[in-house]
Visitor: 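Have a look at this one before I ask anything.
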Amino acid sequence: MSEFSLRFVFSFVFLSLVPFPACKDLVATARDRKLNTFIQISVLHPAEQTLTRYSSTEIVEGTRDPLFLTGVTFPPEYPIYEESKIKLTVYDVKDKSQDTRNFLGCVTFKVGDLVKSKEQQLTLTLRASDGGKTVGTIEVSLVKMGETDEGEVDHITTDVQGQKVGNQSAPTIKQCHHFFSPSVLKNPVSKLYRFPTSDNKWLHIREQMSESTLSFHVPKELINLHIREDMRRNQDLKELGELAPHWDNMRKSVIAHCEQMLSMYQDILADLGKHTGSSFKSSCNKGEKTLEFVPINLHLQRMHVHSSRLKDAVYDVITVGAPAAHYQGFKNGGLRKLLSKFEAERRNTGYQCIYYSPENTAKAKEVLSNINHLQPLISSHADLLLNSASQHSPDSLKNSLKMLSEKTELFVHAFKDQLVRSALLALYTAGPGCVLKKPIVLRNSVEESGDPQHQDHPSRIKRQDSIPHHSEYDEEEWDRVWANVGKSLNCIIAMVDRLLEKDNVSSGIKKSENDPFPADRVVSHPSGDWYEQLYPLIITLKDCMGEVVTRAKQSMTFVLLQELACGLPQCLMLTLRRDIVFSQALAGLVCGFIIKLHTSLHDQGFLQQLHTVGLIVQYEGLLSTYSEEIGMLEDMAVGISDLQKVMFKIIEAKSDDFLPVITGRREHYVIEVKLPAKMFELLPQEIKEGKQLRVYPVLFNVGINEQQTLAERFGDTTLQESVNHENFELLKEYYKLFTEKMPPDCLPHFQEQNDLKGLLENLHQNIQAKKRKNVEIMWVAATICRKLNGIRFTCCKSAKDRTSMSVTLEQCSILRDEHQLHKDFFIRALDCMRREGCRIENVLKNIKCRKYAFNMIQLMAFPKYYRPPEGTYGKADT
């Protein structure tokens, strides 16, 4: 075999060592054979003296002068030292599907020799075996990631100190788009590539994949929240009061089922608390009961692009298995179908219980939440008002009264709903021995005709009895009880005004007299006087509020009793399924939000968009509308829609714990995201003051596998069409809101190249078109999301095979469309990422095998650009 030469380029990127090889004048061992070569990289650790296979380049086919595009990177934690040796072995692949190869030659060198060499470059002899025949040369170079053709480098520096090779400086705030707390992301896998551009420059690409600890943290937080909410509900049911035998038996049955469900949630939480090891759920465990709430295969997929022509760019996609209840199964469909069927059946059970619409049930839960939130706040502000009165502090008194008034007005408004009144009547009819009659007129306990400012004894407001279960019921009594809270507040306001007015008069008298001994003068209102005059009014307010709370809580709990009773046990099982699906969806969303926030802290347009409009969150679904995947898509559609109930709030971290905190209830969640003090200071004042931030989730699904072929020819695709139509309308609403509230210069850099309005029209036309496997829907939707500063998700059943095809295609499309990747290298770049990139590592993490779970027959049904390179797919246990 004649000699040949190879060139390697090594680089440090975030403590990463990166070679890019090239070969010249290779000659095959057999005459007329075209070489298909790749290089295997192994590491010899000095302490262990063991050779570890580390990575490989892609296969370059049919040429004697292969140019390899794939590099190899060592992450920061990898033990690479000056004494470490790297072995490069060159092979000729005979059959990719069978992975048969011929050994061509190898060479070994020390890392220290490369680092200390002149111009950081080595030329090494390639031999057929140790000490054997020379078969070529390899040129090894060390460069910095971000080095341009002119020799300039970006802000990333390399520092070699002691024996460890790596970048010793930590990222600064200006580099915070590279920083993530280890509490959020861990176990990164990095790959590097270099691709030529259309103007013969080099693109340097760093692909990274990291798993997230939020895969388990968010479900545990959420289950904890559900347990507390369900315990409150169960206690409210027990405190509902005396009921007629029919209703009482119903309540006992509901409580028994609820207690059983509560115990199940507690067991699931305990099991998750025992989990150790990996921070992600593999595709093999998607049907495991104890991990139902955990998202499948959640990862951040990142591409960092550096070129000499454009500013560095970072593109993120969150990859995760479609949120679905795999353990529950899909025999009867998913949530979309099950909820519709359940609601239809519930309407026909009126003889057993009272039917309340889903809207009224949601309203009842909102009222109960407002009660639990506002009552302690009002009591606290009332106590602060008394404290200000005891200190005789006018300014403090005004501020305390302002806060008390605001919260009390919210409290009164919360019950200004016909539902409370009708539920109170329904609850009365459910009591023993009730008799309905025309309501009688009773004198209001607060004189209607009197001016509240002249009611010196507002404490005469009498507490009414709790909900009556006697022979008569006054339907207007609730209005009077409810109004008494507002009238009590008016009495307090009037009293504070009078006290402050008298205090001003007294102060004016003192100032008008030139008295050298003010301490000897008698003050007309000593400090205790304010407290004594306000105290009975505060007690009255609390009593009136307590009475309203008792009645409203019991009436709204009665509404919830109807919802539960009408569908036992299906209602609770549907709630469980919905909680499972939502938990998986929420874990991905929180991960995506935190990453987007960190990468965009210096983007003022993004921060303005965040608190003015909110963020679009675009999910790309690759599920088919055939067999079980129909149920998965039905689950996923509801789970993603439920994310509309989520708000985010950014707070300053007070410790080293940066994990998010979840508060709220099933109909309204608030995610508190913590930032270090220096990062928190970068935020706009509105966000720092605690403004809640909205997200707008949208889902577009296009099935691409062989099952979708069956659905399109012999089955039904209306579910996919409906989902895409509905979510297009949501996207259009967000765009309208965005254009109304945001200045035009807040769109990303590439906005001028593609008009968003035109892209939306393009997306609409593609959704309307009856085209099979119309993947352009996903391409256009993803482009719109990126141009709107959104958060991108890609999902299939396990986020492993179809997802890998999609994200690699998206990455290469971005390089082509935004960074001028040479058109002749598009397919090669795609094959590089799929054969040796992060996604094949994801497959290995999930199933312990470096093979995408496709076969040749399946791939014939796939769209052209979604097919992996030969030798990377085959039979695999998923």
Side-chain angles (χ1 to χ4, degrees), residues 303 305 310-311 313-318 592-593 596 599-600 603-621 637 640-641 643-644 693-702 720-771 773-794 806-807 809-821 863 865:
M303 181 175 69
V305 184
L310 298 172
K311 183 179 178 182
V314 173
Y315 301 91
D316 290 337
V317 178
I318 306 298
F593 183 91
K596 186 68 178 178
T599 57
S600 307
D603 185 342
Q604 294 304 312
F606 167 82
L607 295 175
Q608 183 182 352
Q609 175 186 352
L610 183 60
H611 72 80
T612 304
V613 187
L615 292 186
I616 196 75
V617 183
Q618 186 251 325
Y619 290 81
E620 174 184 305
I640 289 172
S641 177
L643 293 176
Q644 296 177 66
L693 313 171
R694 286 199 63 182
V695 291
Y696 298 81
V698 292
L699 164 65
F700 296 98
N701 187 87
V702 177
Q720 177 174 285
E721 293 166 5
S722 298
V723 167
N724 290 344
H725 276 289
E726 293 164 11
N727 284 273
F728 175 76
E729 293 302 319
L730 294 174
L731 179 59
K732 196 164 67 171
E733 288 176 18
Y734 176 83
Y735 175 70
K736 180 182 178 184
L737 190 65
F738 183 94
T739 53
E740 288 174 351
K741 293 192 174 184
M742 293 295 293
D745 58 349
C746 285
L747 290 173
H749 176 70
F750 297 110
Q751 163 60 16
E752 64 272 13
Q753 297 182 20
N754 288 293
D755 178 58
L756 266 172
K757 194 172 182 181
L759 286 169
L760 281 166
E761 181 58 33
N762 186 354
L763 178 61
H764 184 240
Q765 290 173 359
N766 275 287
I767 289 173
Q768 294 281 69
K770 298 294 183 181
K771 182 180 177 182
K773 296 183 182 176
N774 190 359
V775 291
E776 193 168 344
I777 290 173
M778 300 186 296
W779 301 346
V780 177
T783 303
I784 292 171
C785 174
R786 286 194 300 272
K787 292 184 181 302
L788 286 172
N789 284 323
I791 305 172
R792 278 275 298 113
F793 283 79
T794 297
S806 180
V807 295
L809 176 59
E810 180 175 354
Q811 288 176 171
C812 290
S813 298
I814 290 171
L815 294 176
R816 178 194 61 200
D817 299 338
E818 311 288 11
H819 298 277
Q820 289 74 55
L821 171 67
Y865 291 118

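Side chains included, hydrogens not; waters and symmetry mates left out as well; all remaining heavy atoms used.
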Visitor: State, yes or no, whether a side-chain contact exists between Leu815 and Met303 at a heavy-atom distance under 4.5 Å.
Guide: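 Touching, per the 4.5 Å side-chain cut-off.
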
Visitor: How far apart are the closest heavy atoms of Leu615 and Asn789, and which atoms are they?
Guide: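 Looks like CD2-O, 3.9 Å.
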
Visitor: Under the rule for side chain to side chain donor-acceptor pair (under 3.5 Å), what residues qualify as partners of Asn766, not counting sequence neighbours?
Guide: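 Side chain to side chain donor-acceptor pair (under 3.5 Å) check on Asn766 returns Asn762, Asn774.
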
Visitor: Hey, could you give me the OH/CD1 distance between Tyr734 and Ile616, rounded to the nearest 0.5 Å?
Guide: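 Rounded to the nearest 0.5 Å, the OH-CD1 separation comes to 6.0 Å.
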
Visitor: Output the distance between atom CD1 (Ile784) and atom CG (Leu760), rounded to the nearest 0.5 Å.
Guide: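 It is 4.0 Å, given to the nearest 0.5 Å.
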
Visitor: Walk me through whether Leu763 and Leu731 qualify under side-chain contact (heavy atoms from CB on, under 4.5 Å).
Guide: CA-CA 10 Å; Leu763 178 61; Leu731 179 59; 3.7 Å; yes

Visitor: Could Arg786 and Glu810 be called an ion pair, given the rule that one side-chain N must be under 4.0 Å from one carboxylate O?
Guide: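 Glu810 and Arg786: salt-bridged.
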
Visitor: Do Tyr315 and Arg792 have side-chain heavy atoms sitting under 4.5 Å apart?
Guide: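 No, side chains not in contact.
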
Visitor: Roughly how far apart are Gln811 CD and Leu821 CG, rounded to 0.5 Å?
Guide: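 It is 12.0 Å, given to the nearest 0.5 Å.
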
Visitor: Once rounded to the nearest 0.5 Å, what's the spacing between atom OH of Tyr619 and atom OG of Ser641?
Guide: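 Rounded to the nearest 0.5 Å, the OH-OG separation comes out at 11.5 Å.
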
Visitor: Between Leu699 and Asn724, what is the shortest heavy-atom contact and its length?
Guide: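 Nearest pair, atom of Leu699 first, then Asn724: O-OD1, 4.1 Å.
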
Visitor: Checking Lys770 now: which residues fulfil salt bridge (charged side-chain N to carboxylate O under 4.0 Å, His left out) with it, not counting sequence neighbours?
Guide: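 Residues passing salt bridge (charged side-chain N to carboxylate O under 4.0 Å, His left out) with Lys770: Glu721.
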
Visitor: At their closest point, which heavy atom of Gln608 faces which heavy atom of Thr612, and how far apart are they?
Guide: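 The pair with the smallest heavy-atom distance is O-OG1, 2.7 Å.
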
Visitor: Could you grab the distance from atom CD of Gln618 to atom CE of Met778, nearest 0.5 Å is fine?
Guide: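 Answer rounded to 0.5 Å: 10.0 Å.
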
Visitor: Determine, stepwise, if the pair Phe593 / Leu693 fulfils side-chain contact (heavy atoms from CB on, under 4.5 Å).
Guide: CA-CA 11 Å; Phe593 183 91; Leu693 313 171; 4.1 Å; yes

Visitor: For His764, which residues count as a side-chain contact (heavy atoms from CB on, under 4.5 Å) partner, sequence neighbours excluded?
Guide: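 His764: side-chain contact (heavy atoms from CB on, under 4.5 Å) contacts with Phe728, Glu761, Gln768.
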
Visitor: Taking side-chain contact (heavy atoms from CB on, under 4.5 Å) as the test, write out the residues that go with Ser722, two or more places apart.
Guide: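 Partners of Ser722 by the side-chain contact (heavy atoms from CB on, under 4.5 Å) criterion, ordered by chain and then number, come out as Arg336, Glu726.
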
Visitor: Using the test side-chain contact (heavy atoms from CB on, under 4.5 Å), find all partners of Glu729 that sit at least two apart in sequence or belong to another chain.
Guide: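 If we apply the side-chain contact (heavy atoms from CB on, under 4.5 Å) test to Glu729, skipping adjacent residues, the hits are Lys732.
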
Visitor: Mind checking what makes ring-ring contact (aromatic ring centres under 6.0 Å, His included) contact with Phe700, not counting sequence neighbours?
Guide: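 Phe700: no ring-ring contact (aromatic ring centres under 6.0 Å, His included) contacts found.
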
Visitor: Ignoring hydrogens, what is the shortest heavy-atom contact between Leu730 and Pro697? Give both atom names and the distance.
Guide: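 For Leu730 and Pro697, the tightest heavy-atom pair comes out as CD1-O, 4.2 Å.
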
Visitor: Surrounding OH of Tyr735 (heavy atoms of other residues, nucleotides or ligands, distance under 6.0 Å), is the total greater than 12?
Guide: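 Result for OH/Tyr735: enclosed.
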
Visitor: Which atoms form the tightest heavy-atom contact between Met742 and Gly605, and what is the distance?
Guide: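 That would be CE-O, 3.6 Å.
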
Visitor: Within this structure, what is the CG-OH distance for the pair Leu737 and Tyr696, rounded to the nearest 0.5 Å?
Guide: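 The CG atom of Leu737 sits 5.0 Å away from the OH atom of Tyr696.
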
Visitor: Ignoring hydrogens, what is the shortest heavy-atom contact between Val617 and Val695? Give both atom names and the distance.
Guide: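 Looking at all heavy atoms of both residues, the closest pair is CG2-CB, 3.9 Å.
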
